[in-house]
2 protein chains.
Amino acid sequence: MNQQSTETYALWADFWQALSHPIRLRVLEALRCEGALNVGQLVDRLGIGQGHLSNHLACLKNCGLVTTEAQGRYVYYHLADDRVPTLLDVGEAIFRDHWADVATCAVVSQRPVPARG
Amino acid sequence: MNQQSTETYALWADFWQALSHPIRLRVLEALRCEGALNVGQLVDRLGIGQGHLSNHLACLKNCGLVTTEAQGRYVYYHLADDRVPTLLDVGEAIFRDHWADVATCAVVSQRPVPARG
DNA sequence: CTATTATATTGTAATATCGCAATACTAGAG
DNA sequence: CTCTAGTATTGCGATATTACAATATAATAG
């Protein structure tokens with residue numbers, strides 16, 4: 001990915017954004033623990049609205065982090081491949097060493113910093 | 001990270017968000033290629049305003065992806081450790097297999113999908 | 001066919017991020 | 001001290017994302 005086009009970096013940023021939401025991370029962890037779950041099962045585990053979850057699932061699927069398998073009326077989601085847990089593990093390792101600093105990160109600029117604690 | 005608190009997932013999401021911006025990705029790639037660069041050198045390479053870049057650098061630093069070393073009036077940035085290039089490589093590998101789908105991803109819901117092409 | 005269940009999509013108000021300009025802070029030279 | 005160069009922070013309009021409710025689509029049973 002050395003010195004790619006601005007366009008490519010924009011797409012790559014969109015890919016990472018799939019990981020940048022608590023609900024999407026919880027979906028990935030649930031799938032990692034349980035293997036495969038359909039939408040209704042995920043709604044139960046996460047306790048959020050079905051339509052809302054479905055939007056997040058579409059995002060994860062488009063970004064190649066999960067795949068789906070239709071079984072009758074049910075659609076089962078599972079992690080796309082072994083690289084996904086690897087990605088989560090490496091990210092978590094770095095995060096664990098810096099979670100206190102992340103808490104103070106106004107992501108890019110002026111989010112009123114407290115707001116979280 | 002199995003079944004952590006909602007609070008923890010929110011912070012973890014903020015960590016991933018550090019990777020979710022074209023400028024921040026370009027900074028990481030530049031540092032990977034060149035080892036260490038100060039702010040002025042990064043301004044030259046990226047062609048963006050100094051204040052704007054500085055905000056992005058603060059984000060990367062808070063999230064543990066880069067560290068800094070002050071030398072006189074200059075502040076040199078470099079990748080935090082070897083896990084960072086690993087993270088970028090794994091993410092890029094997945095991304096490369098799905099970039100066409102990512103392009104159609106309205107991240108979570110209704111971004112007017114074209115807008116990019 | 002109709003009714004029912006499972007999942008996906010859309011509209012939009014609330015909220016968060018981005019990009020830029022202006023300004024403040026810090027270290028060194030003289 | 002003052003001056004200058006390098007870096008960090010702040011304010012705010014523009015834009016993008018999120019959460020929720022409503023609605024649409026798909027598959028199966030009867």
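Residue numbers start from 1 in every chain, and the chains themselves are labelled A, B, ... in the order their sequence lines are given, proteins ahead of strands.
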Verdict with supporting geometry, Thr68(B) and Lys61(B), side chain to side chain donor-acceptor pair (under 3.5 Å): CA-CA 8 Å; Thr68(B) 59; Lys61(B) 184 177 179 179; 2.9 Å; yes
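- Which of dT7(C), dT10(D), dA8(D) sits closest to the side chain of Val39(A) comes down to dT7(C).
- The side chain of Asn38(B) lies closest to dT7(D) when the candidates are dG19(C), dT7(D), dT10(D).
- Residue Arg24(B) places no side-chain N or O under 4.0 Å from the OP1 or OP2 atom of dT17(C).
- Summarising the local packing, CG of Asp82(B) is surrounded by 12 or fewer heavy atoms from other residues, nucleotides or ligands at distances under 6.0 Å.
- Following rounding to the nearest Å, Asn55(A) (CG) and dT18(D) (P) show an atom-to-atom distance of 10 Å.
- Comparing dA8(D), dG19(C), dA8(C) by their closest approach to the side chain of His52(B) singles out dG19(C).
- For Gln50(A) and Ser20(A), each mapped to the nucleotide of DNA chain D holding its nearest heavy atom, the one lying further toward the 5' end belongs to Ser20(A).
- The distance between atom CG of Leu25(B) and atom P of dC18(C), rounded to the nearest whole Å, is 12 Å.
- Contact check, His56(B) against dC18(C): no side-chain N or O comes under 4.0 Å of OP1 or OP2.
- The phosphate of dA8(D) (OP1 or OP2) has a side-chain N or O of Tyr77(B) nearer than 4.0 angstrom.
- Taking a cutoff of 4.0 Å between a charged side-chain nitrogen and a carboxylate oxygen, Arg32(A) and Glu29(A) qualify as a salt bridge.
- Under 4.0 Å is where a charged nitrogen must lie from a carboxylate oxygen, and between Arg83(A) and Asp89(B) no such pair does.
- Listed by residue number, the members of residues 63-75 of chain B with any heavy atom below 4.0 angstrom from DNA chain C are Gly72(B), Arg73(B).
- Residue Tyr76(B) is out of contact with every strand shown, counting any heavy-atom pair closer than 4.0 Å.
- A donor-acceptor pair under 3.5 Å links the side-chain atoms of Arg24(B) to the main chain of Ala18(B), judged by distance alone.
- Taking the six-membered ring where tryptophan is involved, the planes of His52(A) and His21(A) are perpendicular, since the angle between them exceeds 60° and thus also 30°.
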